Amino acid sequence: MATNLAIDNALLEEALAVSGERTKKAAVTRALEEFIARRRQKRIRALFGQLEWDPNYDLKGERSRS
């Protein structure tokens, strides 16, 4: 889908420089992918300390094939 955006030229040039991408499209795509990944990680980190773990759970026992 073609989209026209007004992006700050200085930011775009810096994104090209630090990302190592060759095209503006590739730099923007990488930036969006990294943004999404960070937001997902942030939601997962918010769960730390929220979940109750079963102290009797045997991780290695669950891995065995017997």
Side-chain angles (χ1 to χ4, degrees):
M1 161 177 51
T3 303
N4 292 327
L5 298 172
I7 299 175
D8 184 312
N9 224 16
L11 285 175
L12 191 51
E13 292 301 322
E14 189 172 356
L16 278 167
V18 300
S19 71
E21 297 293 345
R22 291 177 169 220
T23 66
K24 292 177 181 179
K25 178 184 176 187
V28 170
T29 299
R30 176 179 270 191
L32 288 171
E33 289 168 348
E34 290 181 12
F35 174 81
I36 292 165
R38 271 196 222 109
R39 291 296 170 117
R40 286 182 176 158
Q41 290 169 357
K42 193 175 187 179
R43 283 187 281 171
I44 291 170
R45 281 195 314 260
L47 293 175
F48 283 111
Q50 302 287 324
L51 304 176
E52 292 183 29
W53 299 101
D54 182 359
N56 298 318
Y57 179 73
D58 182 12
L59 175 65
K60 291 188 178 184
E62 292 293 323
R63 290 182 182 173
S64 69
R65 295 182 184 229
S66 54

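Atoms considered below: every heavy atom in the structure, side chains included; atoms not considered: hydrogens, waters and symmetry mates. Just so you know, these numbers come straight off a predicted model, no measurement behind them.
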Anything under 3.5 Å between a donor and an acceptor, one on a side chain of residues 4-15, the other on a protein residue two or more places apart or in another chain? List them.
| from | atom 1 | to | atom 2 | distance (Å) |
| --- | --- | --- | --- | --- |
| Asp8 | OD1 | Ala10 | N | 2.8 |
| Asp8 | OD1 | Leu11 | N | 3.2 |

Give the table of side-chain donor-acceptor pairs shorter than 3.5 Å for residues 37-50, with sequence neighbours excluded, one pair per line with atom names and distance.
none

* Asked: Which pairs pass side chain to side chain donor-acceptor pair (under 3.5 Å) with one or both residues in residues 27-36, sequence neighbours excluded?
  -> Glu21-Arg30

* Verify the neighbour count for atom CZ of Phe35: are there more than 12 heavy atoms of other residues, nucleotides or ligands below 6.0 Å? =>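 Not buried by this count: 12 neighbours or fewer within 6.0 Å.
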
